Asker: 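Below is one structure. I have some questions about it.
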Amino acid sequence: MNAAEGTDHFFRKAARIMDVGERIETLLSTPLREVRVQLSIELDSGEIRTFSGHRIQHDNSRGPMKGGLRFHPQVTPGEMVGLAALMTWKTAVVNLPFGGAKGGITCDPTQLSLKELERLTRKFVDQVQDVIGPTRDIPAPDVNTNPQVMAWIMDQYSKYHGHAPAVVTGKPLDLYGSRGRDAATGRGLLYVCREVMRDLGLAMRGSRFAIQGFGNVGSHTARLVHEDGGLLVAASDVHGGVRNPAGLDVPALFEHVKRQGTVKGFSGGSPCSQEELLTAECEVLIPAALGHVLDRHLAQEVRARMVLEGANGPTHPDADDVLEKRGVLVVPDILASAGGVTVSYFEWVQNLQHLSWDEERVNAELERIMKEAYERVAQISRTRKVPLRTAAYILAIGRVGKATVLRGI
Ligand code: NAD
């Protein structure tokens with residue numbers, strides 16, 4: 001089972017508890033539109049190369065579709081379908097007026113020059129400009145795409161449709177981006193974490209955290225948790241990991257990452273493998289790298305009190321069952337890591353209104369939305385006696401289902 005099938009599994013589990021019926025289940029799980037485009041560009045060498053571009057639009061009953069655009073050799077329509085659906089449920093959990101989408105270009109961006117990447121991005125926009133847009137589908141950065149790529153998308157789209165900054169989010173601050181977008185997913189994780197810990201009777205100060213992944217999500221989370229008094233006892237990235245049961249010196253770790261480009265080799269702790277990180281003794285484990293890193297076997301060994309999902313789909317459904325049986329609380333991705341898309345929503349709102357919020361306002365609005373979403377999910381979990389993940393899907397399916405029926409099938 002891949003991460004896409006994982007999303008479908010969790011969706012169906014909740015849909016059956018809600019007894020929505022097979023027809024509505026099929027309606028809600030089938031993507032609205034799957035676009036595949038041919039992207040032929042001239043490389044710097046003069047050679048012509050053809051790539052495949054994809055955009056999966058899953059659901060728009062609650063508003064324009066929203067989701068990342070990734071550049072990766074393993075971009076496949078199948079995986080995109082699952083990730084697009086995940087975005088529908090995620091935007092619904094935090095009650096944003098959006099649906100879900102996902103897309104990408106099957107390519108290895110490390111083998112392309114900046115100019116080639118720009119040509120490829122602009123070609124993609126040429127081919128999908130009629131199906132994306134501020135009121136249709138709004139892409140955002142994802143694996144191997146960044147604010148510069150979003151700037152190219154905005155520019156190319158605007159050539160067809162007139163000035164339209166709201167067509168993408170995650171843009172550079174100097175080109176209609178939002179303050180606070182960079183740290184938003186980590187900050188959202190922190191806000192949810194505080195609420196869950198309060199319900200569990202745990203204090204942030206002195207609690208131990210292990211974080212897999214030290215990119216956008218993992219590194220901001222590490223910094224914010226540290227500022228809140230938490231102890232980072234283990235951290236890893238693709239190159240390796242480091243741990244210190246007494247707590248890593250986080251500012252020194254950041255200095256090391258700045259110099260070396262990795263947490264590996266940090267002298268303030270001992271080396272640790274990914275497996276050791278995921279099974280580290282701690283209160284909060286935050287997988288913030290890849291999908292399905294927690295399998296059935298590892299789940300037996302997890303020693304955290306709770307798993308806060310920073311990555312999309314880090315827990316295999318089998319592992320989810322094991323963690324539940326073992327009493328390890330899992331805070332699901334569609335709630336925990338929704339901070340990024342929430343601030344993307346703020347960026348879209350600011351663009352449409354031609355104004356700019358200060359960071360205090362962004363963070364305060366984010367905190368309000370994350371807290372409210374957690375409260376609703378926790379309440380469903382208590383009354384229906386289901387895990388937080390199922391409760392979050394029940395909340396999301398209810399919202400999307402109602403909008404679908406009200407609009408008319
Ligand atoms: P990123 O590319 O900035 O960072 C990824 C990190 O994971 C890097 O530190 C990388 O070294 C590490 N990594 C990669 N392979 C690994 C491996 N095998 N073992 C350990 N570490 C590994 O990506 P990101 O934006 O931080 O996203 C991380 C995850 O969070 C993804 O699943 C993404 O879909 C999800 N997510 C991101 C956002 C966002 O706003 N960026 C929002 C929601 C969810």
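Counting starts at 1 for both ligands and their atoms, following the listed order. Small disclaimer: the values here were computed from a predicted structure and weren't measured.
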Asker: Let me see the working for Glu347 and Arg181 under salt bridge (charged side-chain N to carboxylate O under 4.0 Å, His left out), right down to the final yes or no.
Answerer: CA-CA 8 Å; Glu347 182 175 332; Arg181 174 63 186 86; 5.1 Å; no

Asker: Indicate whether the side chain of Asp126 and that of Tyr160 have a donor and an acceptor atom separated by less than 3.5 Å.
Answerer: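 Their side chains do contain a donor-acceptor pair, which is all the 3.5 Å distance test asks for.
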
Asker: Could you pull out every N or O of ligand 1 that sits under 3.5 Å from a protein N or O, with the distance for each pair?
Answerer:
{"from": "ligand 1", "atom 1": "3 (O)", "to": "Asn216", "atom 2": "N", "distance (Å)": "2.9"}
{"from": "ligand 1", "atom 1": "9 (O)", "to": "Phe214", "atom 2": "N", "distance (Å)": "2.9"}
{"from": "ligand 1", "atom 1": "9 (O)", "to": "Gly215", "atom 2": "N", "distance (Å)": "3.1"}
{"from": "ligand 1", "atom 1": "11 (O)", "to": "Val238", "atom 2": "N", "distance (Å)": "2.9"}
{"from": "ligand 1", "atom 1": "19 (N)", "to": "Gln274", "atom 2": "NE2", "distance (Å)": "3.4"}
{"from": "ligand 1", "atom 1": "21 (N)", "to": "Val238", "atom 2": "N", "distance (Å)": "3.4"}
{"from": "ligand 1", "atom 1": "26 (O)", "to": "Asn216", "atom 2": "N", "distance (Å)": "3.1"}
{"from": "ligand 1", "atom 1": "26 (O)", "to": "Val217", "atom 2": "N", "distance (Å)": "2.9"}
{"from": "ligand 1", "atom 1": "30 (O)", "to": "Gly310", "atom 2": "O", "distance (Å)": "3.4"}
{"from": "ligand 1", "atom 1": "32 (O)", "to": "Ala289", "atom 2": "O", "distance (Å)": "3.2"}
{"from": "ligand 1", "atom 1": "32 (O)", "to": "Asn312", "atom 2": "N", "distance (Å)": "3.2"}
{"from": "ligand 1", "atom 1": "34 (O)", "to": "Asn312", "atom 2": "ND2", "distance (Å)": "3.0"}
{"from": "ligand 1", "atom 1": "40 (O)", "to": "Thr185", "atom 2": "OG1", "distance (Å)": "2.6"}

Asker: If we only count heavy atoms from C-beta on, is the Leu232 to Ile211 side-chain gap below 4.5 Å?
Answerer: yes

Asker: For Ser236, which residues count as a side-chain hydrogen bond (donor to acceptor under 3.5 Å, both in side chains) partner, sequence neighbours excluded?
Answerer: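 Per chain and number, Ser236 pairs via side-chain hydrogen bond (donor to acceptor under 3.5 Å, both in side chains) with Gln274.
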
Asker: Identify whether NZ of Lys or CZ of Arg in Arg389 sits under 6.0 Å from the centre of the six-membered ring of Phe10 and within 45° of that ring's axis.
Answerer: yes

Asker: Just checking, is any N or O donor in the side chain of Ser29 or Arg12 under 3.5 Å from an acceptor N or O on the other one?
Answerer: yes

